[in-house]
2 protein chains.
Amino acid sequence: MSANAWLAQLHENGYRITKARGAVVETVEKSTHALTPVEVYDIARKKYRALGLVTVYRTLEKLEELHLIQRVHQPMGCQAFISAGHGHQHLLLCKNCGQVAFFEGDDVDALTKVVAKKTGYLITEHWFQLFGLCAKCRAK
Amino acid sequence: MSANAWLAQLHENGYRITKARGAVVETVEKSTHALTPVEVYDIARKKYRALGLVTVYRTLEKLEELHLIQRVHQPMGCQAFISAGHGHQHLLLCKNCGQVAFFEGDDVDALTKVVAKKTGYLITEHWFQLFGLCAKCRAK
DNA sequence: TTTGTAAATGATAATCATTATCAATAAGTA
DNA sequence: TACTTATTGATAATGATTATCATTTACAAA
Ligand SMILES: [Zn+2]
Ligand SMILES: [Zn+2]
Ligand SMILES: [Zn+2]
Ligand SMILES: [Zn+2]
């Protein structure tokens, strides 16, 4: 998905396409690292100087609402966002450089059933996330 | 583990045992729900009126450092803490009432190996968490 | 028990992140 | 082109967490 596709999504949902949103979308869409609002602000302002931090917050809010981005939870904090994967995917994060990779194909059904029986819970969702070192950081 | 055992842990690690810590420990240790600092403050102040919110923050910090409690990540926020499980355990959260259950016995090794090969990452940790409805909420 | 010392406390202020307000601007349709 | 209304950025307000500091208190040693 390109930045333009994201803007089209916004437009289709009744939101207007503006320079501010263009800068934010361009910044977030292409990043392979999870970015905090302030980080987005710093990068996007190089594309559109007049951008305000508040607009970054508002735009991220809308992108999350449209499932174009997702919040990334980490031990050091949970304020960062990254372009959302397609379908059912999970994250793999490099603890050294912050690089984010997606993966799919987890099969947690068997475990889920066992836990459901043991606890009496009805299980509806799961969060699964891996941490480690990316190939580049590993080589160092 | 009892509240006294937690206080003993604190003492063994060179921290003093005080009324403020006693109230916080008692509150957090027995809770089956993840509690935010302010929630701990409100409950613990019934046991020790003079308690300050700042001391709650400081005590939670130490309990986390000693791995007696852990931070709970949820879609609605990540400020809450709960008594930590023993060994390698994961959380199961009721989306309705917030009840927390622990489970173990997840085996993610197979998946981890596949993902490692595909991505080139060295995987060192994983986060796994289930959401659903507890037996009580399910019955309603 | 008494005493001395350093850790711990609570009140307050300071900082940082996020959200609300509002007048001015600009997107997009007619 | 003109009009309507969403959007914007600046500012203020709120909320959460952390820093400061004088006072209190745990607890080990005498
Ligand atoms: Zn989180
Ligand atoms: Zn890396
Ligand atoms: Zn999954
Ligand atoms: Zn429940």
Side-chain angles (χ1 to χ4, degrees), chain A residues 3-4 6-28 34-66 69 71-81, chain B residues 3-4 6-28 34-66 69 71-81:
Chain A
N4 279 336
W6 285 30
L7 291 171
Q9 279 280 318
L10 281 170
H11 194 233
E12 277 169 36
N13 285 79
Y15 297 119
R16 293 180 181 174
I17 295 177
T18 67
K19 286 176 190 171
R21 286 178 179 164
V24 171
V25 163
E26 235 183 86
T27 300
V28 177
L35 299 174
T36 64
V38 172
E39 287 169 340
V40 172
Y41 177 65
D42 289 337
I43 298 172
R45 224 146 54 98
K46 289 175 186 157
K47 303 173 202 294
Y48 179 56
R49 260 291 25 97
L51 179 66
L53 177 58
V54 176
T55 299
V56 173
Y57 274 95
R58 287 188 284 227
T59 305
L60 291 176
E61 197 174 48
K62 285 171 182 57
L63 294 177
E64 190 180 20
E65 176 190 314
L66 297 178
I69 62 172
R71 186 180 293 271
V72 176
H73 294 261
Q74 286 181 269
M76 53 176 291
C78 308
Q79 304 77 26
F81 293 88
Chain B
N4 279 336
W6 285 29
L7 291 171
Q9 278 280 320
L10 281 169
H11 194 233
E12 277 170 36
N13 285 80
Y15 298 119
R16 294 180 180 174
I17 295 177
T18 67
K19 287 175 189 171
R21 286 178 180 164
V24 170
V25 163
E26 237 183 85
T27 300
V28 177
L35 299 174
T36 63
V38 172
E39 287 169 340
V40 172
Y41 177 66
D42 288 337
I43 298 171
R45 224 146 57 97
K46 290 174 186 159
K47 303 174 204 295
Y48 179 58
R49 265 278 44 91
L51 179 66
L53 177 57
V54 177
T55 299
V56 172
Y57 274 95
R58 289 188 282 226
T59 304
L60 290 176
E61 197 175 47
K62 284 171 182 56
L63 294 177
E64 191 181 21
E65 177 190 313
L66 296 179
I69 62 173
R71 186 179 294 271
V72 176
H73 295 261
Q74 286 181 269
M76 53 177 288
C78 308
Q79 304 77 29
F81 293 87

Rounded distance [0.5 Å steps], [atom1] in [X] versus [atom2] in [Y]:
X       : Y       : atom1 : atom2 : result
A/Asn13 : A/Glu65 : CG    : CD    : 7.5 Å
A/Leu35 : A/Ile43 : CG    : CD1   : 5.0 Å
A/Cys78 : B/Gln74 : SG    : CD    : 11.5 Å
A/Arg21 : A/Arg16 : CZ    : CZ    : 9.0 Å
A/Glu12 : A/Leu66 : CD    : CG    : 9.5 Å
A/Gln79 : A/Glu39 : CD    : CD    : 10.0 Å

Covered region of DNA chain D, 5' end to 3' end, by chain A [heavy atoms, under 4.0 Å]: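 Answer, 5' to 3': D/dT5 to D/dT11.
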Closer to the 5' end of DNA chain C via nearest nucleotide, is it B/Val56 or A/Tyr57?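 Closest to the 5' end, via its nearest nucleotide, is B/Val56.
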Does B/Val54 or B/Thr18 map to a spot on DNA chain C nearer the 5' end, using the closest nucleotide for each?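 Mapping each residue to its closest nucleotide by heavy atoms, the 5'-most match is B/Thr18.
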Nearest whole angstrom, please: distance from the [atom2] of [N] to the [atom1] of [X].
X       : N      : atom1 : atom2 : answer
B/Tyr41 : C/dG10 : OH    : C1'   : 9 Å
B/Glu61 : C/dA8  : CD    : P     : 12 Å
A/Leu53 : C/dA17 : CG    : C1'   : 9 Å
A/Leu7  : C/dG28 : CG    : P     : 10 Å
A/Arg58 : C/dA17 : CZ    : C1'   : 16 Å
B/Arg45 : C/dA11 : CZ    : C1'   : 13 Å
A/Gln79 : C/dC16 : CD    : C1'   : 11 Å
B/Leu51 : C/dA8  : CG    : P     : 15 Å

Measuring to OP1 and OP2 of C/dT9, would you say a side-chain N or O of B/Arg21 lies under 4.0 angstrom away?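 Yes, because at least one side-chain N or O of B/Arg21 sits under 4.0 Å from OP1 or OP2 of C/dT9.
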On the nucleotide C/dT29, are OP1 or OP2 found under 4.0 Å from the side-chain N or O atoms that A/His11 carries?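 Result: yes.
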So, applying side-chain contact (heavy atoms from CB on, under 4.5 Å) with A/Arg45, which one of A/Val24, A/Leu51, A/Val56 is it?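 When side-chain contact (heavy atoms from CB on, under 4.5 Å) is applied between A/Arg45 and each of A/Val24, A/Leu51, A/Val56, only A/Leu51 qualifies.
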Identify the two heavy atoms, one from B/Glu64 and one from B/Ile69, that lie closest to each other, and give their separation to 0.1 Å.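 Shortest heavy-atom separation between B/Glu64 and B/Ile69 comes out as N-CG1, 3.5 Å.
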Heavy-atom check, side chain of B/Tyr57 versus side chain of B/Leu53, under 4.5 Å: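 Side chain of B/Tyr57 against side chain of B/Leu53, heavy atoms only: contact under 4.5 Å found.
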Once you build an axis from the first five pairs and another from the last five of the helix from C/dT1-D/dA30 to C/dA30-D/dT1, how far apart in angle are they, to 10 degrees?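 Overall, the helix from C/dT1-D/dA30 to C/dA30-D/dT1 bends by 40° from one end axis to the other.
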